[in-house]
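Reading through the structure tokens given below for one structure.
As the structure is a computational prediction, the values presented were derived from the model and not from experiment.
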Amino acid sequence: MIKIYNFPRGARGLRAMWQCEEMGLPYEVEAVSYPPSEAYRALNPLGSVPFLEDEGGVAINESVAMMLYLAQKYGPTPLLPGKDDPALARVLQMTVFGEATIGAGLNPLMAAHFGAPEADKRNWSVRWQEARVEESARFVADMLGDGPFIAGAELTLADICLSTAFGVWRGALGKTLPDRLAAYHERVAARPAYQRARARCNGQSGSP
């Protein structure tokens, strides 16, 4: 069975849980302490989360890799269009964009917000990175337009990746989004599969 290791309320682990819920895949959740234990580092030497194990000796980190793995291993699924679907290019682009451009940029902002000395919380690099995320949010809002989802009529991996990143931006960091993007984020987060995954993520409550 799929097992997802995660910190309680960890947004990147939530991505994999949400995808499992959307695809109807059974999975277990294993809470990881902070700092990670030596036993966990024996599984994942980086000590990072999330971390996914599956049958056949599969053991991977990086949330986007997990999402692509699950979609291809257990698909086909509308979350990842087929190779002949023109939407595939946008889904791949925006899934990676959600982590490589937005999500990765949130890491130093979180570190500064919660851990930096007071004099460094609003330094030049923090202000620059905030501006970069704001620019990225406007880019996503323009790409979304009036559509329900980022790549068309169906929820995809791109929406899961982007919306969890925006959840950190709005929630943990207390920032705002353009109105169109805020409405999109709230609409996507209202999905029953997201709500189930969020409950599992917050509670780290084993298998359903």
When the aromatic ring centroids of F149 and Y184 are compared, is their separation below 6.0 Å?
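No - the distance between ring centres of F149 and Y184 does not fall below the 6.0 Å cut-off.
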
What is the minimum heavy-atom distance between [X] and [Y], and which atoms define it?
| X | Y | answer |
| --- | --- | --- |
| P81 | L88 | O-CD1, 3.4 Å |
| F51 | I60 | CD1-O, 3.3 Å |
| T101 | S136 | CG2-OG, 3.5 Å |
| A172 | M110 | CB-SD, 3.7 Å |
| A16 | M66 | CB-SD, 4.4 Å |
| P178 | A137 | CD-CB, 4.2 Å |

Side-chain heavy atoms of [X] within contact of [Y], under 4.5 Å:
| X | Y | result |
| --- | --- | --- |
| K175 | R170 | no |
| L79 | L155 | yes |
| V133 | W169 | yes |
| L43 | E53 | yes |
| Q19 | L157 | yes |
| N202 | P8 | no |
| L177 | V140 | no |

Could you check whether any side-chain N or O of [X] sits under 3.5 Å from a backbone N or O of [Y], counting only pairs where one atom can act as donor and the other as acceptor?
| X | Y | result |
| --- | --- | --- |
| R187 | P148 | yes |
| R41 | P45 | yes |
| R200 | M17 | no |
| N44 | S48 | yes |
| H185 | S163 | yes |
| D159 | I150 | yes |
| R15 | C161 | yes |

Let me see the working for V168 and L109 under side-chain contact (heavy atoms from CB on, under 4.5 Å), right down to the final yes or no.
CA-CA 10 Å; V168 174; L109 294 181; over 6 Å; no

Does the side chain of Y40 come under 3.5 Å of the side chain of E30 through a donor N or O and an acceptor N or O?
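Absent: no donor and acceptor within the cut-off.
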
Does a side chain donor of either Y27 or E21 reach within less than 3.5 Å of an acceptor in the other side chain?
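Judged by distance alone, the side chains do pair up.
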
Nearest 0.5 Å, what's the [atom1]-[atom2] distance between [X] and [Y]?
| X | Y | atom1 | atom2 | answer |
| --- | --- | --- | --- | --- |
| L70 | L80 | CG | CG | 11.0 Å |
| R198 | T164 | CZ | OG1 | 12.5 Å |
| N6 | K3 | CG | NZ | 13.5 Å |
| W124 | Q129 | CH2 | CD | 9.5 Å |
| E186 | F166 | CD | CZ | 13.0 Å |

Report yes or no: do L68 and V96 belong to one cluster of Ile/Leu/Val/Met/Phe/Trp/Tyr joined by side chain heavy-atom distances under 4.5 Å?
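No, it is not one cluster - the side chains of L68 and V96 are not joined through contacts under 4.5 Å.
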
Tell me whether Y5 shares a hydrophobic cluster with Y34, the cluster being built from Ile, Leu, Val, Met, Phe, Trp, Tyr side chains joined at under 4.5 Å.
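Looking at the clustering, Y34 is in the same group as Y5.
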
Begin with the C-alpha distance, continue with both residues' side-chain angles, and end with the deciding distance and a verdict on side-chain contact (heavy atoms from CB on, under 4.5 Å) for L162 and I102.
CA-CA 8 Å; L162 288 165; I102 300 177; 4.0 Å; yes

Per the side chain to side chain donor-acceptor pair (under 3.5 Å) rule, what does the pair list look like for residues 138-148, sequence neighbours excluded?
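Qualifying pairs, neighbours excluded: none.
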
Taking salt bridge (Lys or Arg N to Asp or Glu O under 4.0 Å) as the cut-off, I'd like each qualifying pair that reaches into residues 112-126, sequence neighbours left out, listed once.
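For residues 112-126, and leaving out neighbouring residues, the salt bridge (Lys or Arg N to Asp or Glu O under 4.0 Å) pairs sorted by first residue read R122-E130.
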
Working note: E28 + I2, criterion side-chain contact (heavy atoms from CB on, under 4.5 Å); need CA distance, chi angles, decisive distance, verdict.
CA-CA 6 Å; E28 297 177 348; I2 298 162; over 6 Å; no

Six-ring centre of F7, R12 cation under 6.0 angstrom, axis tolerance 45°:
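Cation-pi check for R12 and F7: fails.
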
Would you say that more than 12 heavy atoms from the other residues, nucleotides or ligands in this model lie under 6.0 Å from the CZ of F114, or not?
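Count over threshold, so yes.
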
Answer yes or no: does atom CD of E62 have more than 12 heavy-atom neighbours from other residues, nucleotides or ligands under 6.0 Å?
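Counting other residues, nucleotides and ligands, CD of E62 stays at 12 neighbours or fewer.
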
Any chance you could lay out the salt bridge (charged side-chain N to carboxylate O under 4.0 Å, His left out) test for E22 and R196, step after step, and finish with the verdict?
CA-CA 10 Å; E22 293 282 355; R196 292 193 300 270; over 6 Å; no

Parallel, tilted or perpendicular, as decided by the 30° and 60° cut-offs, for the rings of F139 and F97
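Taking F139 first and then F97, their aromatic rings sit tilted (interplane angle of 30° to 60°).
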
Before giving the answer on side chain to side chain donor-acceptor pair (under 3.5 Å), spell out for Y74 and D54 the whole-Å C-alpha distance, their side-chain angles and the decisive distance to 0.1 Å.
CA-CA 12 Å; Y74 295 103; D54 197 9; 2.6 Å; yes

Take I160 and V188 through the test side-chain contact (heavy atoms from CB on, under 4.5 Å) and record every step on the way to the result.
CA-CA 8 Å; I160 292 175; V188 171; over 6 Å; no

